[in-house]
> 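Shown below is the structure under consideration.
Just so you know, these numbers come straight off a predicted model, no measurement behind them. Note: hydrogens, waters and symmetry copies are ignored here, and every other heavy atom, side chains too, is used.
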Amino acid sequence: MSRSGPTSLGRDLVSFFEDFLPAQRGLSPHTVRSYRDALLLFLRFTATDLRRTVDRLDIPDLTVERVTRFLASLEAERRNGIATRNARLGAIHVFARYLASSRPEYLGILQRIIGMPFKRGAIEAPIEYLDRTELDALLKSIDRSRQLGRRDYALFAFMFNTGARVQEVLDVRVADVRLEAPAQVRLMGKGRKVRICPLWPATARLLRDLIAERSTSSSDEPDSTLVFTNARGKPLTRYGVRYLLKRYVQKASQLVPSLRGKSLHPHSIRHSTAVALLKSGVDFATISQWLGHAGLNTTMRYARADLDLKRRALAQAFPDAIAPPPGGRLLLDGADLASWMRRL
């Protein structure tokens with residue numbers, strides 16, 4: 001006999017996404033969507049495994065054995081890496097904890113899921129960023145004689161200035177920008193945390209011109225409009241920014257060949273800002289606040305990313321280790337040999 005009403009799982013899913021995540025946890029819509037995608041994949045897998053429709057699933061169907069097979073299928077069938085697999089498991093953990101707090105009758109089943117460990121062995125991908133020469137080539141490849149070209153130039157200059165995440169950039173409205181001195185922008189980061197980022201005078205001029213040029217052809221309320229929009233005046237998307245970056249990188253690579261070997265994406269501009277600030281001598285705490293990091297550990301990884309910084313640190317710690325060997329005849333006694341080997 002078919003069920004006429006929602007299951008306990010259905011009711012709890014609605015409460016989880018409509019109340020718990022956005023209201024109680026205060027997560028951003030983008031984080032909520034990532035949880036949604038993970039749980040949707042798991043529910044579809046479970047429904048296929050049980051030969052039922054998703055709407056007929058209930059909490060007892062969410063067994064630890066089924067979660068284990070689901071995670072294995074992510075790696076085997078969807079070719080997901082360990083980091084993605086662990087992120088999916090993290091979303092399932094959060095949902096299981098939520099269920100455990102409201103459905104104590106299923107605590108035994110849910111505790112086994114909550115206790116599932118994350119898989120070790122995730123490989124940290126190298127940080128791809130643009131150095132100063134590559135960034136200059138990227139900006140020079142943009143045709144600023146066209147309106148869309150001026151928008152793109154302002155977009156990438158703004159991204160490099162602020163080091164903001166791409167969605168933070170796309171969410172900026174005219175009301176969030178202060179263009180008179182001292183120029184600054186208000187950014188809404190992860191967890192709805194607001195931070196203020198300074199703008200360089202050149203960036204402020206680009207934004208001023210972009211906003212003024214578009215306001216002459218738009219009837220919308222100026223302060224409520226997005227700063228960066230597409231050709232139809234609609235919100236620019238992350239995929240649109242990725243497409244623009246790929247196009248300009250291909251063009252810039254004709255001038256700077258080092259761009260051809262890099263796998264760049266919009267987040268690479270954020271990495272570029274962090275490395276540039278670090279090379280300029282800005283301390284880690286300031287960079288962490290600038291970029292809106294949750295903690296210093298995230299910022300510290302940039303110290304391992306740049307080869308010039310590594311050379312500089314090596315020269316300070318072991319100045320004779322990278323010095324060229326002295327000229328002349330090498331006397332192969334014990335003291336000279338050891339000294340020569342240290343300088344290799």
> Centroid separation under 6.0 Å, is that true for the rings of F95 and F16?
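Aromatic pair counts; centres sit under 6.0 Å.
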> Between E213 (side chain only) and L210 (backbone N and O only), is there a donor and an acceptor less than 3.5 Å apart?
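Not confirmed, E213 side chain does not pair with L210 backbone.
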> In Å and rounded to the nearest 0.5 Å, what is the CG to OH distance from L27 to Y35?
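These two atoms lie 6.0 Å from each other.
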> Once you round to the nearest 0.5 Å, how far does CZ of F42 lie from CZ of R66?
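Here the rounded value is 7.5 Å.
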> Would you call D136 and R132 a salt bridge, taking side-chain N to carboxylate O under 4.0 Å as the test?
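Salt bridge between D136 and R132, a charged N being under 4.0 Å from a carboxylate O: yes.
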> Nearest 0.5 Å, please: how far is CD in Q111 from CG in L107?
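Taking CG in L107 and CD in Q111, the distance rounds to 4.0 Å.
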> Heavy atoms only: give me the nearest L138-I142 pair and the separation to one decimal.
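In this case the closest contact between L138 and I142 is O-CG1, 3.6 Å.
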> Looking at P266, is its backbone amide N or carbonyl O close enough to the side chain of R242 to form a donor-acceptor pair, meaning the two atoms are under 3.5 Å apart?
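No, the answer is negative, given that no donor and acceptor are paired below the 3.5 Å cut-off.
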> Salt bridge or not between E180 and R208? Use side-chain N to carboxylate O under 4.0 Å.
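Salt bridge flag = no for R208 with E180.
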> Tell me if a side-chain donor or acceptor on D176 pairs with a main-chain N or O of R173 at a distance below 3.5 Å.
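Between the backbone of R173 and the side chain of D176 there is a qualifying donor-acceptor contact (under 3.5 Å).
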> Compare every heavy atom of L179 with every heavy atom of A204, then report the nearest pair and how far apart it is.
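Minimum heavy-atom separation between A204 and L179: O-CD2, 3.7 Å.
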> Please determine whether ring pair (Phe, Tyr, Trp, His ring centres under 6.0 Å) holds for the pair F118 and H93, giving the CA-CA distance in whole Å, both sets of side-chain angles, and the decisive distance to 0.1 Å.
CA-CA 10 Å; F118 292 107; H93 278 169; 5.2 Å; yes
> By side-chain hydrogen bond (donor to acceptor under 3.5 Å, both in side chains), which residues pair with D19, not counting sequence neighbours?
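Checked D19 against side-chain hydrogen bond (donor to acceptor under 3.5 Å, both in side chains); matches are Q24.
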> Of all heavy-atom pairs between L62 and I109, which one has the smallest distance, and what is that distance?
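Looking at all heavy atoms of both residues, the closest pair is O-CG2, 3.4 Å.
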> Please say which of D58, D61, T46 ends up in a side-chain hydrogen bond (donor to acceptor under 3.5 Å, both in side chains) with R52.
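The option that passes is D61.
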> Nearest heavy-atom pair of A91 and A38: which atoms, and what distance?
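For A91 and A38, the tightest heavy-atom pair comes out as CB-CB, 3.6 Å.
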> Distance-only, no hydrogens or angles: does the S288 side chain make a donor-acceptor pair with backbone N or O of A285 under 3.5 Å?
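Checking the backbone N and O of A285 against the side chain of S288, no donor-acceptor pair under 3.5 Å is found.
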> Within this structure, what is the OG-NZ distance for the pair S253 and K262, rounded to the nearest 0.5 Å?
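It comes to 12.5 Å.
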> Is S34 reaching over with its side chain to a backbone N or O of T31, donor-acceptor style, under 3.5 angstrom?
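Flag set: sc S34 to bb T31 pair under 3.5 Å.
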> What closest approach, in Å, do A137 and V256 show between heavy atoms, and which atom pair accounts for it?
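So the two residues come closest at CB-CG2, 3.4 Å.
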> Give me the atom names and distance for the closest heavy-atom approach of R151 to F228.
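Smallest heavy-atom distance, with atoms named: O-CE2, 4.2 Å.
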> Does D209 pair with R150 as a salt bridge, N-O distance under 4.0 Å?
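Salt bridge between D209 and R150, a charged N being under 4.0 Å from a carboxylate O: no.
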> Is there a donor-acceptor pair under 3.5 Å between the side chain of N161 and the backbone N or O of P198?
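Present.
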> Find the distance between CD (Q289) and CG (D283) and round it off to the nearest 0.5 Å.
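So the gap between those two atoms works out to 10.0 Å.
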> Looking at L74, is its backbone amide N or carbonyl O close enough to the side chain of R85 to form a donor-acceptor pair, meaning the two atoms are under 3.5 Å apart?
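Flag not set: sc R85 to bb L74 has no pair under 3.5 Å.
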> Establish whether I196 and V174 are linked, either directly or via other cluster members, by ILVMFWY side-chain heavy-atom contacts under 4.5 Å.
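I196 does not cluster with V174.
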> Using atom types as modelled and distance alone, determine if a side-chain donor or acceptor of R36 lies under 3.5 Å from a backbone N or O of L39.
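Between the backbone of L39 and the side chain of R36 there is no qualifying donor-acceptor contact (under 3.5 Å).
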> Output the distance between atom CG (L278) and atom OG1 (T286), rounded to the nearest 0.5 Å.
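Reported to 0.5 Å precision, the distance equals 11.5 Å.
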